[in-house]
Structures are given as C-alpha cells and as structure tokens.
Amino acid sequence: MSKILSQKIKIALIQLNGSSPNKLDNLNRAAKFVEMAMTKQPDTQIVVLPECFNSPYAVTKFRENAEVINNDNKSQSIDFLSKIASKYNITLIGGSIPEIDPMTNKIYNTSPIFNGKGDLIDIHRKVHLFDVDIPNGITFKESETLSPGTKLTTVKTQYGNIGVGICYDMRFPELTTISAREPNNAFAMIFPSAFNTVTGPMHWHLLARSRAVDNQIYTILCSPARNMESSYHAYGHSLVCNPKGEIIAEAGEGEEIIYAELNPEEIQNFRQSVPLLNQRRFDLYKDISK
Ligand SMILES: O=C(O)CCC(=O)C(=O)O
C-alpha cells in the first residue's frame with residue numbers, strides 16, 4: 001500500500017483569542033503564540049491557526065476587516081502570515097480571515113495556506129456558510145454578508161496532501177471524502193473552526209471522529225479560545241483525531257497550544273485491518289449527487 005504521508009510529522013494547533021477589534025493586536029498575538037510553539041517544539045512542521053483569528057467573528061464585522069488576498073501584493077494579514085511561515089520554515093494553515101474580491105466586491109471566509117518559504121500555495125473559501133437558527137440556542141447567518149466559495153481544497157505539501165475546510169464545512173462528509181479519495185489522497189483534513197457553546201458540546205467531537213473513521217485519515221480542528229466578553233462564544237477544545245477515531249490531543253477552553261505527531265503507520269495499519277478503501281461500493285452510490 002503506498003504511503004499517503006511520507007514520514008512522521010509534528011503539528012501544533014494554536015488556540016488563541018483573536019477577537020480584539022484591533023487587527024494588529026490579533027496578528028501580534030498569533031505571532032507570539034507561534035513563537036511559543038516553535039520554542040517548545042522546534043521541529044514542528046505544520047502549524048494551524050483558528051477560524052477568523054485576525055478579527056471578531058461577527059457578520060457585521062467581516063466587510064470592514066476584509067483584505068484582498070494575492071501572492072504578489074500581500075495584504076496586512078497575508079504578509080504577516082507569510083513572514084511567520086518563512087521565519088520558522090513551517091507549513092502554515094493560516095486559520096481563516098475575511099477576504100474581499102475586488103472584482104466582484106464579494107466577501108469570503110478564507111483560509112490561506114503557506115509553505116515554508118512563505119509562499120501562499122492555496123486558499124480555501126468556506127463553501128458551506130454557517131446559517132442556523134436553533135431556538136433558545138444560537139442564530140447566525142454568515143450569508144448575510146459572506147458568499148460561499150466554489151471549489152474544494154486539497155493542498156500538496158512536502159509531506160503529502162492535506163484537505164482543508166472551514167468549520168461548518170465539516171458537517172458535509174462529502175468534502176472530506178473527496179479530499180481523502182483518489183486522486184487527492186489526503187492524509188489529513190484540517191478545519192480552522194469556531195464552534196460555539198451550543199453546538200460544540202453536541203457535535204464537535206462527534207464530527208471530528210466521524211470524518212476521521214469514515215475516511216481513515218487524521219482530522220484536525222483548531223478553534224479560537226473562548227472569550228465570554230466577545231459577542232461569539234467559541235467552544236475551544238481544539239483537537240487532533242487519528243484515523244481510528246481516537247482523539248490524541250485536545251485543548252481546554254482558554255488560550256493554549258496543543259501538539260501531536262502524525263504517523264503514516266497509523267493510517268496504513270488501520271487501513272489494512274479494516275480495508276474500507278477496497279470495500280466501497282461506488283457502483284451503488286453513483287446517484288448520490290442527483
Ligand atoms: O456547525 C456548527 O455547529 C458551527 C459552525 C460554525 O461555527 C462556523 O461555521 O463558523
């Protein structure tokens with residue numbers, strides 16, 4: 001069986017509070033936390049930041065914080081992240097930030113992804129917008145100001161391929177399965193996320209574990225820290241789940257960095273023991289998108 005992850009790799013998830021209205025404060029905070037992670041575990045190869053880590057997560061705030069994303073003429077947050085990635089020579093899943101497309105004036109919730117040279121190698125625009133209305137729970141409507149992305153994202157890295165989704169995207173199993181299947185063959189699905197205190201306790205761990213066991217890959221969820229003074233109360237509990245569905249690292253609710261090692265043998269051994277890949281009956285599922 002060919003390896004979809006080339007070697008053991010070390011990963012760090014930065015669960016930080018990035019909800020200050022001052023963007024520079026949030027960026028500096030992110031830089032400080034990445035520095036702490038790299039000091040504690042200097043051989044870390046992949047670092048992940050949370051959803052909307054550079055500004056408040058609120059539909060009324062996305063437009064005022066939105067930046068144009070492109071590699072040639074880097075905006076404030078992209079420049080900042082690019083420098084962090086190259087400084088430490090890490091693959092950086094740069095959480096997500098509000099993005100504006102200057103041609104259409106549309107706003108997206110976008111995850112920028114960098115290689116160790118600081119190049120922006122891909123972006124994922126959240127494709128499933130978080131529009132929910134749970135009585136006595138939470139009402140949120142991203143589509144009031146955001147537009148959905150139109151592509152799925154699997155990014156090539158020096159270690160293998162990684163699928164990227166943002167938060168609510170994890171509720172749609174097809175997205176992870178497409179990244180995990182040929183020809184994408186991702187070894188992990190990474191979701192910068194910001195669940196909340198209503199849906200977090202219900203579904204956060206369940207979704208991470210489900211997407212992992214469905215596809216026998218790692219799932220990695222990185223949340224902001226909980227801040228009861230902000231309008232949105234993030235769940236926290238950033239985590240790494242292995243291909244068997246076991247949570248191998250998990251944060252609490254406050255600011256914290258968690259570390260994990262991803263091991264190609266974990267994927268290969270479990271796929272050998274439970275060979276779902278050869279047993280799938282795509283001859284029977286082909287009508288699924290109708
Ligand atoms: O799916 C959920 O319950 C939460 C999703 C969310 O908070 C988001 O997409 O930002």
Side-chain angles (χ1 to χ4, degrees), residues 13-19 26 30 48-63 65-66 77 93-99 106-113 123-153 163-177 179 189-212 214 219-228 230-239 241 247 250-251 253:
L13 278 57
I14 312 282
Q15 178 167 298
L16 90 152
N17 174 12
S19 56
N26 296 324
V48 188
L49 295 170
E51 181 179 19
C52 210
F53 78 93
N54 73 346
S55 51
Y57 181 61
V59 282
T60 52
K61 301 286 176 197
F62 293 138
R63 187 166 285 275
N65 286 300
S77 301
I93 313 296
S96 80
I97 65 172
E99 177 201 359
K106 286 184 177 170
I107 313 282
Y108 299 94
N109 183 344
T110 303
S111 179
I113 302 141
I123 61 169
H124 176 74
R125 290 173 168 165
K126 188 176 194 174
V127 292
H128 303 95
L129 296 181
F130 180 43
D131 284 2
V132 298
D133 186 8
I134 303 178
N136 307 317
I138 179 169
T139 299
F140 207 92
K141 203 153 188 243
E142 279 190 322
S143 66
E144 274 174 15
T145 47
L146 296 181
S147 296
T150 53
K151 78 161 179 69
L152 306 187
T153 305
V164 178
I166 300 177
C167 203
Y168 199 59
D169 282 337
M170 81 175 80
R171 290 188 179 272
F172 301 85
E174 296 82 0
L175 185 101
T176 305
T177 299
S179 281
M189 191 74 198
I190 300 188
F191 293 99
S193 296
F195 267 47
N196 50 76
T197 48
V198 177
T199 61
M202 284 197 270
H203 295 148
W204 177 256
H205 300 84
L206 176 67
L207 288 166
R209 299 184 64 201
S210 306
R211 295 301 84 89
D214 284 350
T219 52
I220 293 158
L221 275 44
C222 186
S223 168
R226 188 170 309 166
N227 175 2
M228 295 310 281
S230 85
S231 63
Y232 188 85
H233 301 155
Y235 183 51
H237 294 273
S238 296
L239 61 81
C241 183
I247 292 171
E250 180 175 350
E253 288 151 9

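In what follows, residues are counted from 1 in the order of the sequence shown. Every number for a ligand or one of its atoms is a count from 1 in the order of the listing. Keep in mind the model is a prediction, meaning the values are calculated, not measured.
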> Quick one: salt bridge (charged side-chain N to carboxylate O under 4.0 Å, His left out) partners of E253, sequence neighbours excluded?
Replying inline: R226
> What residues form a salt bridge (charged side-chain N to carboxylate O under 4.0 Å, His left out) with D131, not counting sequence neighbours?
Replying inline: none
> Strictly under 6.0 Å, is that where the ring centroids of F195 and Y235 end up?
Replying inline: no
Need the list: ligand 1 N/O atoms against protein N/O atoms, distance under 3.5 Å, rounded to one decimal.
unit_1: ligand 1; atom_1: 1 (O); unit_2: R171; atom_2: NE; d: 2.6
unit_1: ligand 1; atom_1: 1 (O); unit_2: R171; atom_2: NH2; d: 3.4
unit_1: ligand 1; atom_1: 3 (O); unit_2: R171; atom_2: NH2; d: 2.8
unit_1: ligand 1; atom_1: 3 (O); unit_2: T199; atom_2: OG1; d: 2.6
unit_1: ligand 1; atom_1: 7 (O); unit_2: A194; atom_2: O; d: 2.8
unit_1: ligand 1; atom_1: 7 (O); unit_2: Y232; atom_2: OH; d: 2.9
unit_1: ligand 1; atom_1: 9 (O); unit_2: K126; atom_2: NZ; d: 2.6
unit_1: ligand 1; atom_1: 9 (O); unit_2: Y168; atom_2: N; d: 3.0
unit_1: ligand 1; atom_1: 10 (O); unit_2: E51; atom_2: OE1; d: 3.0
unit_1: ligand 1; atom_1: 10 (O); unit_2: E51; atom_2: OE2; d: 3.3
unit_1: ligand 1; atom_1: 10 (O); unit_2: Y57; atom_2: OH; d: 2.7
unit_1: ligand 1; atom_1: 10 (O); unit_2: K126; atom_2: NZ; d: 3.1

> Ring centres of Y57 and F62 under 6.0 Å apart?
Replying inline: yes
>> Once side chain to side chain donor-acceptor pair (under 3.5 Å) is applied, do any residues pair with H205, and if so which ones, sequence neighbours excluded?
In response: E250
> Do side-chain atoms of N196 reach the backbone of Y232 as a donor and acceptor pair under 3.5 angstrom?
Replying inline: no
